[in-house]
Amino acid sequence: MRYDLVIFDNDGVLVDSEPISNRILAAYLTELGHPTTYEESLRDYMGGAMHRVHEAVLERSGERLPAGFDETFHGRVFAEFRRRLEPVPDVVEVLEKLATDGVPYCVGSSGSHERIRVALTKTGLIERFAEERDGGGARIFSSQDVGRGKPAPDLFLHAAREMGVAPERCAVVEDSPLGVRAAVAAGMDVYGFTAMTPAAKLTEAGATALFGRMAELPALLQ
């Protein structure tokens with residue numbers, strides 16, 4: 001395999017969370033007087049950190065979301081995650097293949113550490129990322145760790161640095177244009193997962209290659 005590190009986005013790549021979280025986000029924004037459809041939530045917020053939601057609502061309406069917005073939203077999302085979140089099909093086999101080949105991997109997600117861990121725990125993936133890396137600590141990196149979230153490159157550069165790998169030796173697996181743009185800005189190859197996002201949008205963002213089923217990924221990384 002030609003990479004020394006594979007960085008996985010979490011939502012929509014490791015866990016099938018985007019339909020759950022974006023339906024809840026659209027409904028909550030609508031409830032607060034900011035009408036939003038599920039499709040609009042996917043278009044505007046998928047792959048981004050929570051500050052993106054606050055900034056977009058303020059820009060469009062001139063109103064700030066309530067102080068407890070994040071806490072209420074995450075409470076609703078986590079409750080649904082614990083009820084019915086599942087891993088993305090075939091992702092377990094992909095992680096096993098990387099481990100067998102001796103290729104390190106980690107998570108680089110716009111979600112909070114709490115969101116990442118709730119999702120990975122419910123889907124049984126947490127142990128695959130909780131092992132300590134060289135230098136200590138789990139192989140889980142969040143936008144909380146850096147000053148700017150995607151599409152800025154900060155998160156992916158932070159993950160590569162913590163894992164001890166040069167950016168040009170990293171591959172990123174992403175399913176959102178924001179994430180693809182972040183990986184490109186970091187100088188990394190990025191593989192666009194088209195299960196939830198039109199292929200054209202990921203290509204336009206700069207994806208190195210596209211794939212529609214997770215089982216296709218290992219061959220692309222060779």
Side-chain angles (χ1 to χ4, degrees), residues 1-15 47-49 87-88 90-113 115-117 119-120 123-195 202 205-211 213-222:
M1 197 166 288
R2 66 178 185 269
Y3 298 104
D4 296 333
L5 176 67
V6 180
I7 305 174
F8 288 89
D9 178 39
N10 185 46
D11 293 295
V13 171
L14 294 174
V15 299
V88 166
D90 300 319
V91 77
V92 171
E93 290 76 12
V94 170
L95 297 178
E96 288 178 346
K97 169 67 172 168
L98 291 174
T100 298
D101 291 346
V103 180
Y105 58 83
C106 66
V107 176
S109 172
S110 291
S112 66
H113 277 287
R115 178 186 175 115
I116 298 167
R117 290 178 183 278
L120 294 181
T123 55
L125 298 176
I126 188 67
E127 294 305 320
R128 298 179 183 275
F129 292 91
E131 302 95 335
E132 290 200 352
R133 52 190 162 83
D134 291 344
R139 293 177 288 124
I140 297 172
F141 306 100
S142 160
S143 61
Q144 288 181 315
D145 302 330
V146 295
R148 300 179 299 169
K150 304 170 188 177
D154 304 33
L155 173 58
F156 291 137
L157 292 173
H158 170 70
R161 184 167 54 249
E162 290 295 309
M163 295 292 292
V165 178
E168 63 270 19
R169 298 295 302 160
C170 298
V172 175
V173 186
E174 267 287 355
D175 69 332
S176 75
L178 288 175
V180 171
R181 286 164 54 198
V184 170
M188 301 175 180
D189 287 348
V190 54
Y191 293 84
F193 186 37
T194 61
L202 298 180
T208 305
L210 304 176
F211 65 105
R213 295 185 304 110
M214 192 57 64
E216 300 169 8
L217 180 61
L220 293 175
L221 297 174
Q222 295 296 329

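Keep in mind that this is a model prediction, so the values were computed, not measured.
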Kindly list each side-chain donor-acceptor pair under 3.5 angstrom involving residues 174-186, sequence neighbours excluded, with atom names and distances?
unit_1	atom_1	unit_2	atom_2	d
Glu174	OE2	Lys150	NZ	2.5
Ser176	OG	Gly179	N	3.0

side-chain contact (heavy atoms from CB on, under 4.5 Å) between Val173 and Asp9, intermediate numbers included: CA-CA 6 Å; Val173 186; Asp9 178 39; over 6 Å; no
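- Legend: salt bridge (charged side-chain N to carboxylate O under 4.0 Å, His left out) pairs involving residues 213-222, not counting sequence neighbours, sorted by first then second residue: Arg213-Glu216.
- Every residue two or more places apart in sequence or in another chain that forms a side chain to side chain donor-acceptor pair (under 3.5 Å) with Glu96 is listed here: Arg128.
- Smallest separation of non-hydrogen atoms from Gly108 and Ile7: N-CG2, 3.8 Å.
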Residues 188-195, side-chain donor-acceptor partners within the protein, below 3.5 Å, at least two apart:
unit_1	atom_1	unit_2	atom_2	d
Asp189	OD2	Tyr3	OH	2.5
Tyr191	OH	Arg2	NH2	2.8
Tyr191	OH	Tyr3	OH	2.6
Thr194	OG1	Phe211	O	3.2

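- The side-chain contact (heavy atoms from CB on, under 4.5 Å) check on Ala166 picks up Glu168, Arg169, with sequence neighbours excluded.
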Worked verdict on Leu95 versus Phe129 for side-chain contact (heavy atoms from CB on, under 4.5 Å): CA-CA 10 Å; Leu95 297 178; Phe129 292 91; 3.8 Å; yes
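- With sequence neighbours left out, Arg117 forms a salt bridge (Lys or Arg N to Asp or Glu O under 4.0 Å) with no residue at all.
- Listed by chain and number, the residues in a side-chain contact (heavy atoms from CB on, under 4.5 Å) with Asp145 are His113, Phe141, Ser142, His158 (sequence neighbours excluded).
- Considering only residues two or more places apart in sequence or on other chains, Asp101 meets the salt bridge (Lys or Arg N to Asp or Glu O under 4.0 Å) condition with Lys97.
- Counting all heavy atoms, side chain and backbone alike, Val165 lies closest to Asp4 at CG1-CB, 3.8 Å.
- Nearest heavy atoms, Cys106 versus Leu5: SG-CD1, 4.2 Å.
- The environment of Gln222 atom CD is dense: over 12 non-hydrogen atoms of other residues, nucleotides or ligands sit within 6.0 angstrom.
- Minimum heavy-atom separation, Leu14 to Val107: CD1-CG2, 3.7 Å.
- At a threshold of 4.5 Å between non-hydrogen side-chain atoms, the residues Arg148 and Pro153 count as touching.
- Taken from CG in Asn10 to CD1 in Ile140, the straight-line distance is 8.5 Å, to the nearest 0.5 Å.
- Residues Pro87 and Leu125 approach most closely at CB-CD1, 4.2 Å, considering heavy atoms.
- Checked by atom type and distance alone, the side chain of Ser143 pairs as donor or acceptor with a backbone atom of Ser110 at under 3.5 Å.
- For the pair Val6 and Leu221, the minimum side-chain heavy-atom distance is below 4.5 Å.
- Among residues two or more places apart in sequence or in another chain, the side chain to side chain donor-acceptor pair (under 3.5 Å) test is passed with Asp11 by Ser17, Arg115.
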